[in-house]
Amino acid sequence: LRKAALSTAGLVIAFHVPAGRRAAQAAEAAAPAAKLPPANAFLRVGSDDTVTVLLAHSEMGQGIWTSLPMLIAEELDADWSTVRVEHAPAAPVYAHTAFGAQLTGGSTTTWSEFDRYRQVGAIARALLVQAAAQRLGVDPAACRTENGAVIAGAQRLRYGELALDAATLPRPASVALKDPKDWKVIGQPTRRLDTPEKINGAAVFGLDVRFDGLLTAVVARSPAFGGKVKSFDASAALAVPGVRKVVQVPSGIAVVADHFWAAQQGREVLKVDWDLGRGASLDTGAMLAEFRKLATADGKVAASAGDAPGTLAKAGKVVEVEYVAPYLAHAPMEPLNATVRIGADGCDIWTGTQMQTMEQVTAAAITGLKPEQVRIHTTFLGGGFGRRATPSCDWVSEAVHVAKAAGTAVKTVWSREDDVRGGYYRPMVVHRIRAALGGDGLPQGWDHTVVCQSVLAGSPFEAMIPKNGVDPASVEGAADSPYLK
């Protein structure tokens, strides 16, 4: 980088997508803002006045359980005390408006949904107004909305009273969104909708999922990345009270038990002979030395402006600085876990995931089912930070393999130690910066080299890497610096 000088009967703006419409609605979801979204997938208004918003994204502490409903509530003129929230199921209609797959990441949720969720609220409001106008025998233009009701003169109808009638009306061809100067919800301090249930314990995270017959598993994985099982002896593990089965899966050996403690104790005495493979010879110090050497060589140019080499050559003072970021575990507060139940009619997965589409496709491949037969039940996420958005869907695919091998419903749990030792890490990065300073001490030009692994290469979004071969996610904040303008 170079630079010089709850649902009761009512208006169902709720999820029901016939199979034949999935592809078309996926295209709708990714369409420009000018095309209205299929509002029935994102909102339902109950006859009890409840307004339930379905989140296309995952709540992992960042606050979208509140911010996305605020967008709908603004245009709907909803009574905020009646707003409820649910995670949406996995379906093409919920595809990210920019990435084309249902996912949460990159701090993109609110801006990507800003138009779509407001349009959903506006569509619902238009239908409710039309229903009220027909019932009262007035022109829709004579109606206004306020705090969950349609008002025409001295007459007032609650949204719940109008929901059934509104559900029978055709969707409007267009809607007008409010002028920002008229916003009453967006931009205002708002109490988070998920706070009460997280305080009283009602919130359901992946680890909270329980039902009759559910077993728990932990997996013994290779001490080195890429290692494989040569052989194992399960006799001692099977002798632990509560251990039901010991099964081999692609990632290692799973100990399946009545509860986590039994599974953990069984794994402690499990005997596994590993072929550690090439991963056993990896050395962080050697890798850092290689990165530092690469930082002094020429590489692909992500961005350039002016004549940095010439400016540096003529500078009276050149400052050279190196910054190193080590491999770091994401360490979300809630350890990784996924509950899987495979049946004749499909596969159910309860987990806190950032990539519903990928989990669905991956599980379908493992089970031999169709993607639409894999039902993802997104729970609250006890932190994510990208760890729950891996291209290989590692912990969910592992859990599917465990349930398939065990022949029963199983919750596969990673301990904190498991995740820190064997999870995906934020990549190691070396930055080498040479800056030419003028007499005033301010930079006149600089040369910035970034050495790190690609974030997008090998992922479902590899196609986003431009022709110059530079992963934009790996140079974000540098290649798009305003000082390069």
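Between W395 and Y424, the distance separating the two ring centers is not shorter than 6.0 angstrom.
The residue from F42, F99, Y117 that alone fulfils the ring pair (Phe, Tyr, Trp, His ring centres under 6.0 Å) condition with Y94 is F42.
Taking the six-membered ring where the residue is Trp, Y425 and F225 present perpendicular rings, their angle passing 60° and hence far from 30°.
Under 3.5 Å, the side chains of W183 and Q188 contain no donor-acceptor pair of N or O atoms. Q62 and T109 form no side-chain donor-acceptor contact under 3.5 Å, judged by distance and modelled atom types alone. Donor-acceptor pairing under 3.5 Å is lacking for the side chains of T82 and D79. Under 3.5 Å, the side chains of S58 and Q354 contain no donor-acceptor pair of N or O atoms. Inspection of the H431 and T449 side chains reveals no N or O donor paired with an N or O acceptor under 3.5 Å. Judged by distance alone, the side chains of R267 and Q264 do bring a donor and an acceptor atom under 3.5 Å apart. Checked by atom type, the side-chain pair E59/H87 shows no donor-acceptor distance below 3.5 Å.
A 4.5 Å side-chain heavy-atom check between F211 and W350 finds at least one atom pair inside the cut-off.
A donor-acceptor pair is defined here as one N or O able to donate and one able to accept, closer than 3.5 Å; such a pair exists between the side chain of E74 and the backbone of I186. Under a 3.5 Å cut-off, the side chain of H57 and the backbone N or O of L103 do form a donor-acceptor pair. In this structure a side-chain-to-backbone donor-acceptor pair under 3.5 Å is missing from R118 to A73. Proximity of a side-chain donor or acceptor of T339 to a complementary backbone N or O of V209 within less than 3.5 Å is not detected. E334 places a side-chain N or O within donor-acceptor distance of the main-chain N or O of L207, the cut-off being under 3.5 Å. Remark: the backbone N or O of A217 is not paired with any side-chain donor or acceptor of K411 at under 3.5 angstrom. Remark: the backbone N or O of C393 is paired with a side-chain donor or acceptor of S397 at under 3.5 angstrom. Proximity of a side-chain donor or acceptor of Q373 to a complementary backbone N or O of K370 within less than 3.5 Å is detected. The closest donor-acceptor contact from the side chain of D77 to the backbone of E75 lies at 3.5 Å or more, if one exists at all. Between the side chain of R221 and the main chain of V219, a donor-acceptor pair closer than 3.5 Å is present.
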For this session: Could you walk me through whether T97 and E113 pass the side chain to side chain donor-acceptor pair (under 3.5 Å) test, one step at a time?
Result: CA-CA 7 Å; T97 57; E113 298 293 0; 5.4 Å; no
Exercise. Yes or no on salt bridge (charged side-chain N to carboxylate O under 4.0 Å, His left out) for K230 and D275, after CA distance, side-chain angles and deciding distance?
Worked result: CA-CA 6 Å; K230 292 167 63 176; D275 175 4; over 6 Å; no
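Across every non-hydrogen atom of F385 and M60, the tightest pair is N-SD, 4.3 Å. Residues R171 and A39 come closest through the heavy atom pair NH1-N, 4.2 Å.
Within the model, atoms CZ of R116 and CD1 of I72 stand 10.0 Å from one another, a figure rounded to the nearest 0.5 Å. Here CD1 of I349 is found 12.0 Å from CZ of R341. Values are rounded to the nearest 0.5 Å. Once rounded to the nearest 0.5 Å, the distance linking CZ of R388 with CG of D394 reads 11.0 Å. Summarising the geometry, atom CG belonging to L369 is positioned 7.5 Å from atom CD1 belonging to I342; distances are rounded to the nearest 0.5 Å. Distance check: R210 CZ to D208 CG gives 6.0 Å after rounding to the nearest 0.5 Å.
The number of heavy atoms from other shown groups lying within 6.0 Å of CD (E197) is above 12. Counting heavy atoms of neighbouring residues, nucleotides and ligands inside a 6.0 Å radius, atom CZ of R426 does not exceed 12 of them. For Y323, the OH atom sits in a loose shell: 12 or fewer heavy atoms of surrounding residues, nucleotides or ligands are nearer than 6.0 Å. The environment of CE in M287 is crowded: more than 12 heavy-atom neighbours from other residues, nucleotides or ligands sit within 6.0 Å.
Taking the ring axis of F380 as reference, the NZ or CZ atom of K198 stays within 45° of it and closer than 6.0 Å to the ring centre. Relative to the six-membered ring of W414, R387 meets both conditions, a distance below 6.0 Å and an angle of at most 45° to the axis. Cation-pi geometry between R125 and Y159 is not satisfied (NZ or CZ under 6.0 Å from the ring centre, within 45° of the ring normal).
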